[in-house]
Amino acid sequence: MIMKRSNLLIADIIYVVCLVISSMISFTVYSDGYQSIAFWISLIATYVAITSLWIFVRYVMRNMERFKQFVPGYTAIGVILAIYLLCVIFYALFVGFADHVLRWFILLHAVTAALTFMLCAIVWIYIRSARQHETSQQLNAAGLYSIQKALQQLLNSLGNQSIQERKSVESIIELVKYSDPVIPASMEYTDHQILIEIELLNDEVQSQFAAGEHLNKERLAAQISSIKSRLLERNQQILAMKS
């Protein structure tokens, strides 16, 4: 935490130094251009470019884990902002006679800033989309893992008294292992319902054993068959949606 704060402080100091240096260079080179509109446009654009890059660097430093997950996307934003800064510096070389073509000078800065904003927005949308997709994959994988874990608990609850039913549950576990974890949002409810059905069946089996009752194997087989059918139907629907 202390290291992160010290790094942020260094970034802030560098930012202030860059602002001061850019101001000194501008006022030194164009010492007689204080009343020039092009001069102030160029100076403000330089401040905006440096500030944008500084905000981005601070964001990356404060969210290093996210940066590591989406390096190409964040790097692209950094490159775009750096190019924008270089463009602004390049435009500043023509401040001396920019007042003669002030409209075009303003338009050039406006178009460059707009393109920079649009490109950064596009890349940011891509990063958010990729992040949401990755989060969805992790949740879906966790959902299948929960189903597999619940089936394993059911298998343990059956013990060695129901060999045929154990084989059926084991076949469902194998089916879950090879099921597609990447599912549409509309299928999340199906996975949740399958999980609930397995948990209810497991509770029922445990209750019967705890009460010293014999399992109703016909009912048990029918419930296990229903779970397997729903899982098969789920996999077929996902395959159909992706084909």
(request) Give me the other members of the hydrophobic cluster that Ile14 sits in, counting Ile, Leu, Val, Met, Phe, Trp and Tyr linked by side-chain heavy atoms under 4.5 Å, directly or via other members. (result)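 Members alongside Ile14: Ile10.
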(message) Taking transitive links into account, so neighbours of neighbours count too, which hydrophobic residues share a cluster with Ile83 at under 4.5 Å side-chain distance?
(response)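 Same cluster as Ile83: Val79.
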(message) Can you classify the ring geometry of Trp54 versus Tyr15 as parallel (below 30°), tilted (30 to 60°) or perpendicular (above 60°)?
(response) parallel
Is [Y] reachable from [X] through a run of hydrophobic residues whose side-chain heavy atoms are each under 4.5 Å from the next?
{"X": "Leu107", "Y": "Tyr91", "value": "no"}
{"X": "Trp104", "Y": "Phe90", "value": "no"}
{"X": "Ile196", "Y": "Ile173", "value": "no"}
{"X": "Ile89", "Y": "Val17", "value": "yes"}
{"X": "Tyr59", "Y": "Met64", "value": "yes"}

Under a 4.5 Å cut-off applied to non-hydrogen side-chain atoms, are [X] and [Y] in contact?
{"X": "Asn156", "Y": "Asn202", "value": "no"}
{"X": "Glu233", "Y": "Gln237", "value": "yes"}
{"X": "Val123", "Y": "Leu119", "value": "no"}
{"X": "Asn235", "Y": "Leu175", "value": "yes"}
{"X": "Arg66", "Y": "Arg131", "value": "yes"}
{"X": "Tyr84", "Y": "Ile80", "value": "no"}
{"X": "Thr75", "Y": "Phe67", "value": "yes"}

(request) Before accepting this row, confirm whether a basic side-chain N of the pair Lys177/Glu174 lies closer than 4.0 Å to the acidic partner's carboxylate O. (result) yes
(message) Suppose we call two aromatic rings close when their centres sit under 6.0 Å apart. Are Phe27 and Phe39 close by that rule?
(response) yes
(request) Would you check if the side chain of Ser229 reaches a backbone N or O of Ser225 as a donor-acceptor pair within less than 3.5 Å? (result)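 It does hold such a pair.
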(request) Taking all heavy atoms of Arg166 and all of Leu155, pick out the closest pair and write down the distance. (result)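 Answer, listing the atom of Arg166 first, then Leu155: NH1-O, 2.9 Å.
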(message) Please give me the minimum heavy-atom distance between Val88 and Ala49, naming the atom from each residue.
(response)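 That would be CG2-CB, 4.3 Å.
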(request) Just jot down the side-chain contact (heavy atoms from CB on, under 4.5 Å) partners of Tyr47, sequence neighbours excluded, or say none. (result)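 Tyr47 satisfies side-chain contact (heavy atoms from CB on, under 4.5 Å) with Leu19, Ser22, Ser23, Leu43 once adjacent residues are dropped.
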(message) Nearest 0.5 angstrom please: Leu154 CG to Leu201 CG, how far?
(response)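 Result: 5.0 Å between the selected atoms.
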